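To start, the structure itself, in structure tokens.
Remember, it's a predicted structure, so these values are computed and weren't measured experimentally. Excluded from the calculations below are hydrogen atoms, water molecules and symmetry mates; all remaining heavy atoms, backbone and side chain alike, are included. Both ligands and their constituent atoms are indexed starting at 1 by order of listing.
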Amino acid sequence: MLIVMKSGASEAQVEVVARTIQELGFQSHVMPGSVRTAIGITGNQSPIDPSRFENLPGVAEVIRVSKPYKLVTLDLRPEKTIVRVGDATIGGEDLAIIAGPCAVESRAQALGIAEAVRQSGARFFRGGAFKPRTSPYAFQGLGEEGLRILAEVRETYGLKIVTEALDEAGIDLVERYADIIQIGARSMQNFTLLKRAGKSSLPVLLKRGLSATLDEWLLAAEYVMSEGNYQVILCERGIRTFAQHTRNTLDLAAIPAVRRVSHLPVIVDPSHGTGKNYMVTPLARAGVAVGADGLIVEVHDQPSEALSDGAQALTLEQYERLISEVRSIHEVLAPAAVS
Ligand code: PEP
Ligand code: MN
């Protein structure tokens with residue numbers, strides 16, 4: 001259920017509704033909007049009697065939510081969520097670019113790539129310190145040392161840091177050094193991890209699981225939001241299909257599909273979505289063209305020497321060109337996005 005307040009409702013009236021929800025033993029989620037505030041209710045196992053709220057001052061409407069998700073939905077928040085990290089945004093007017101290596105391999109590697117990322121005008125740097133590898137014998141990341149290097153990148157170039165946490169202890173560490181917690185495709189249904197991320201004050205970049213339906217992905221976002229963290233960014237990174245010409249099949253239809261039901265920003269990962277260097281730029285262009293709020297792209301100064309995902313890494317020159325191309329596409333689309 002969700003409660004829509006009248007446009008002129010006061011903060012005190014919102015507070016009374018939220019308190020009433022809590023007194024019933026449920027959680028209240030206040031979502032202020034430019035026109036009106038809505039309050040989502042979670043934690044109830046059965047329908048709540050709407051008359052508890054209908055006559056409270058400032059309440060315009062009580063709406064029963066029939067969808068399985070209650071907080072990610074446009075019913076609760078008709079305007080898009082803009083995730084803010086300092087003065088950088090994801091979901092706003094700017095095309096958000098998150099770029100960097102798959103894994104932090106050394107200080108020199110990370111700082112070198114970061115310089116090119118900064119030069120491109122991107123605001124976010126990616127790099128894994130904890131890597132979810134298929135083989136236990138493959139490079140697992142530098143761990144906390146990698147996070148320290150990322151913190152140095154942030155300090156040196158002013159880039160906001162996006163990095164993956166594989167477990168709850170990993171989130172504790174990521175919170176100390178980074179700006180956005182990445183939850184990887186393999187962890188999309190690690191529910192204890194999602195709940196922990198939901199208690200964080202950092203935004204969460206939630207990758208779509210390898211075989212996740214739209215509903216499963218949105219419900220994973222719902223896990224994070226139900227704990228009180230509303231700063232979630234969805235990331236389409238390709239799913240498993242029978243196709244053998246790519247590492248994954250990048251499901252670009254997911255972008256308008258998410259847009260139709262959710263207010264959350266959604267970005268595209270053309271690197272994991274294809275697994276192949278020569279496909280990254282065309283799919284990045286396509287991702288922006290279908291309306292993604294941004295891209296997360298893997299870049300390496302020496303792709304052939306990369307300790308993980310070298311085959312899909314762009315060279316610095318390729319990356320630079322990609323950025324200018326996707327910016328042009330975004331500019332063409334921007335007036336339409338605003339209207
Ligand atoms: C990554 O971003 O390097 C990564 C491991 O991504 P995914 O979880 O999408 O495979
Ligand atoms: Mn990778």
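The environment of CZ in Arg107 is sparse: at most 12 heavy-atom neighbours from other residues, nucleotides or ligands sit within 6.0 Å. Environment of CZ in Arg52: sparse, with no more than 12 heavy atoms of neighbouring residues, nucleotides or ligands closer than 6.0 Å. Counting heavy atoms of neighbouring residues, nucleotides and ligands inside a 6.0 Å radius, atom CD of Glu11 does not exceed 12 of them.
Legend: protein N/O/S atoms lying under 2.8 Å from the Mn ion (ligand 2), waters omitted, number 4.
For the residue pair Gln189/Tyr223, the side-chain donor-acceptor check at 3.5 Å is not satisfied.
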Exercise. Given side chain to side chain donor-acceptor pair (under 3.5 Å), test Thr315 with His300 step by step and report yes or no.
Key: CA-CA 6 Å; Thr315 63; His300 203 285; over 6 Å; no
Practice problem: Decide side chain to side chain donor-acceptor pair (under 3.5 Å) for Gln140 and Arg133; before the verdict, give the C-alpha distance in whole Å, the side-chain angles of both, and the deciding distance to 0.1 Å. | Solution: CA-CA 7 Å; Gln140 303 284 307; Arg133 304 305 301 281; over 6 Å; no
Side-chain donor-acceptor pairs of residues 274-288 under 3.5 Å, sequence neighbours excluded:
residue	atom	partner	partner atom	Å
Thr274	OG1	Pro270	O	2.8
Thr274	OG1	Lys276	N	3.4
Lys276	NZ	His245	O	3.3
Asn277	OD1	Gln318	NE2	3.1
Asn277	ND2	Ala313	O	2.9
Asn277	ND2	Gln318	OE1	2.9
Arg285	NE	Glu325	OE1	2.5
Arg285	NH2	Glu325	OE1	3.0

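Taking the charged nitrogens against the carboxylate oxygens, Arg259 and Asp293 do have a contact shorter than 4.0 Å, which makes a salt bridge.
Within the structure, salt bridge (charged side-chain N to carboxylate O under 4.0 Å, His left out) contacts touching residues 211-227 (residues at least two apart or in different chains) are Lys199-Glu227.
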Identify all pairs of nitrogen or oxygen atoms, one from ligand 1 and one from the protein, separated by less than 3.5 Å, and list them with distances.
residue	atom	partner	partner atom	Å
ligand 1	2 (O)	Arg126	NH1	2.8
ligand 1	2 (O)	Arg126	NH2	3.3
ligand 1	2 (O)	Gln182	NE2	2.9
ligand 1	2 (O)	Lys207	NZ	3.0
ligand 1	3 (O)	Arg126	NH2	2.9
ligand 1	3 (O)	Lys131	NZ	2.8
ligand 1	3 (O)	His272	NE2	3.2
ligand 1	3 (O)	Glu298	OE2	3.2
ligand 1	6 (O)	Lys207	NZ	3.0
ligand 1	8 (O)	Ala185	N	2.7
ligand 1	9 (O)	Lys207	NZ	3.0
ligand 1	9 (O)	Arg237	NE	2.6
ligand 1	10 (O)	Arg186	NH1	2.8
ligand 1	10 (O)	Arg237	NH2	2.8

